[in-house]
Amino acid sequence: MIPALALIAGVALGLLTEPHVPIGLQPYLPIMVVAALDAVFGGLRARFDGIFDAKVFVVSFIANVLVAGLIVFLGDKLGVGAQLSTGVVVVLGVRIFGNAAAIRRHVFRA
Amino acid sequence: MTTPGPPDGDHATPTTPDGHARRPTSHRPKLGAMSVSLLDNLMRNTLDEGYAQVAERRATEARTGRPGRSRAVSQALTAATLLLVGVIFGVAFRQTQQDAPASQHTRDALVHDVEQRSRESNELQRQAESLSTALADERDAALAQSQAGDATAHRLARLEAMSGLDAVSGPGIRVVLGDARARAHTDPVTGEPVVVPPDENGRILDRDIQSVVNALWSAGAEAVTVNGERLSTTTPIRAAGDAILVDLMPVGSPYRIEAIGDPATLLPNFVDSVAARRFETYVSTYGIEFQVERADRLSMRAATESVARHVDPLTDPSTTATSDPTPTAPFQTRDNADAPTPGVPQNSDTPAAGGGR
């Protein structure tokens with residue numbers, strides 16, 4: 001309950017305060033969103049599996065976001081930014097789907 | 001899916017000495033290729049392995065009796081992270097919204113402008129048409145008051161029909177001229193369907209349309225439209241880049257060129273013309289589309305009024321001899337009568353033209 005409220009509060013905060021995002025960071029925002037989604041779905045699934053752990057969640061979130069951003073940054077520097085972005089999105093997308101399927105099985109038992 | 005057992009010590013999955021939960025996939029035959037195992041791993045282990053490891057550790061801790069992290073701290077950590085996640089979502093949403101609409105806004109504004117302007121222009125066009133109808137009615141009423149006026153009205157109606165300034169209808173012919181199309185046929189050797197791209201020479205150019213139109217005029221056409229654009233005496237048919245403009249309006253293939261004229265002579269004269277025969281050849285050579293057919297009833301609207309460059313008062317002796325009841329003598333190219341002209345009988349040498357809708 002509290003985590004859900006925190007998520008909603010965070011979205012509201014982000015929408016209302018419109019924090020200034022540095023230009024250099026803007027290209028990584030979508031990738032960061034996907035990475036954050038992966039962490040959230042992973043945490044949710046772990047909760048349903050009964051093995052949720054706050055530390056793992058926090059660390060996986062921060063690491064996910066940083067590594068995803070770093071990979072894309074490196075890709076940009078190497079001139080393969082678009083391809084690496086696609087790679088990151090595919091990998092994280094597969095994981096999100098897998099976790100969403102597991103959550104679905106837990107929720108609907110189907 | 002690798003769903004490790006619940007952390008109550010009831011391990012379903014055996015552990016390796018280094019604490020990693022051994023994956024149930026390990027019994028699968030290794031295909032050797034790194035990429036396969038990578039993809040396999042990716043598809044099967046969607047959950048962060050850390051969760052399983054921590055669950056293991058906590059299970060052992062529970063057995064050895066060491067206390068875990070407090071629940072409140074866990075909750076706070078989770079909530080803080082989720083708050084951060086939410087902020088990222090919100091900011092990203094704002095950002096994309098800000099980025100995309102910059103161009104979207106401009107586009108919407110332009111579309112709005114275009115729509116408004118074309119509405120205005122349509123409205124003005126309607127206004128102009130109704131005004132010129134009223135004008136023509138007034139003029140005809142004035143002319144009908146005298147013998148000389150009647151004669152002038154005849155002449156005027158004929159001139160208007162000839163110059164394309166009057167809506168006309170009547171029998172005629174329709175010529176359809178189209179760019180060469182890609183042809184699909186079956187390869188005789190392989191049996192595979194093959195698409196043959198159209199011949200570059202099979203593109204209809206502005207001068208092709210010009211030559212058809214000129215052939216129609218010389219075959220006796222009295223009124224001609226190209227894709228519905230009525231041609232007046234000065235209407236240009238020209239190319240602008242890849243587009244063909246008729247009266248400055250773009251027209252596209254297939255071009256329907258309609259001509260009103262004496263059905264008995266127009267069709268044979270046109271089919272016999274050099275231009276028509278040339279296009280017949282182009283059909284087989286380049287694959288263009290070229291069809292000529294009789295049309296029993298064609299209706300054409302008036303051409304856009306051209307700006308008169310030179311005007312002369314009508315110097316018909318019968319008009320000038322008598323005192324003219326209309327001080328504003330009709331000029332040759334100043335009128336755009338888009339209305340039936342009551343009281344004006346059909347002129348004999350314009351059998352098809354005249355008698356507007």
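It should be emphasised that the depicted structure is a prediction, and the values quoted were computed from it without experimental measurement. Chain letters run A, B, ... following the sequence lines, proteins first, then strands; residues in each count from 1.
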Taking the side chain as every heavy atom from C-beta outward, state whether Lys55(A) and Val54(B) have any atom pair closer than 4.5 Å. no
Carefully, step by step, assess Arg58(B) and Asp53(A) under the rule side chain to side chain contact (heavy atoms under 4.5 Å, CB included). CA-CA 10 Å; Arg58(B) 263 197 291 182; Asp53(A) 184 81; 3.5 Å; yes
Check whether Val40(A) gets within reach of chain B through its side chain, its backbone, both or neither, counting any heavy atom under 4.5 Å. side chain
Non-hydrogen atoms of chain B under 4.5 Å away: do they reach the side chain of Phe61(A), the backbone, both or neither? side chain
Do you know the tightest heavy-atom contact between Ala6(A) and Ala79(B)? CB-O, 3.3 Å
Below 4.5 Å from any heavy atom of chain A, which atoms of Phe93(B) appear? Answer side chain, backbone, both or neither. side chain
Would Leu7(A) and Val85(B) satisfy side chain to side chain contact (heavy atoms under 4.5 Å, CB included), going step by step from the backbone distance to the final call? CA-CA 7 Å; Leu7(A) 184 64; Val85(B) 171; 3.9 Å; yes
Part of residues 28-37 of chain A lying next to chain B, heavy-atom separation under 4.5 Å: Leu29(A), Met32(A), Val33(A), Ala36(A), Leu37(A)
Can you tell me if Asp242(B) has over 12 outside heavy atoms packed within less than 6.0 Å of its CG? no
Taking only residues two or more places apart in sequence or in another chain, which ones pass side chain to side chain donor-acceptor pair (under 3.5 Å) with Asp38(A)? Asn64(A), Arg95(A)
Atom pair CD1 (Ile8(A)) and CG (Leu82(B)), whose distance is rounded to the nearest 0.5 Å: 10.5 Å
Can you say whether Val91(B) sits under 4.5 Å from chain A via the side chain, the backbone, both, or neither, judging by heavy atoms? both
Which atoms of Phe41(A) are under 4.5 Å from chain B, going by heavy atoms: the side chain, the backbone, both sets, or neither? neither
Among Val87(B), Leu84(B), Ile88(B), single out the residue with the greatest number of heavy-atom pairs under 4.5 Å to chain A. Val87(B)
Rounded to the nearest 0.5 Å, how far apart are CZ of Phe57(A) and CG of Leu77(B)? 10.0 Å
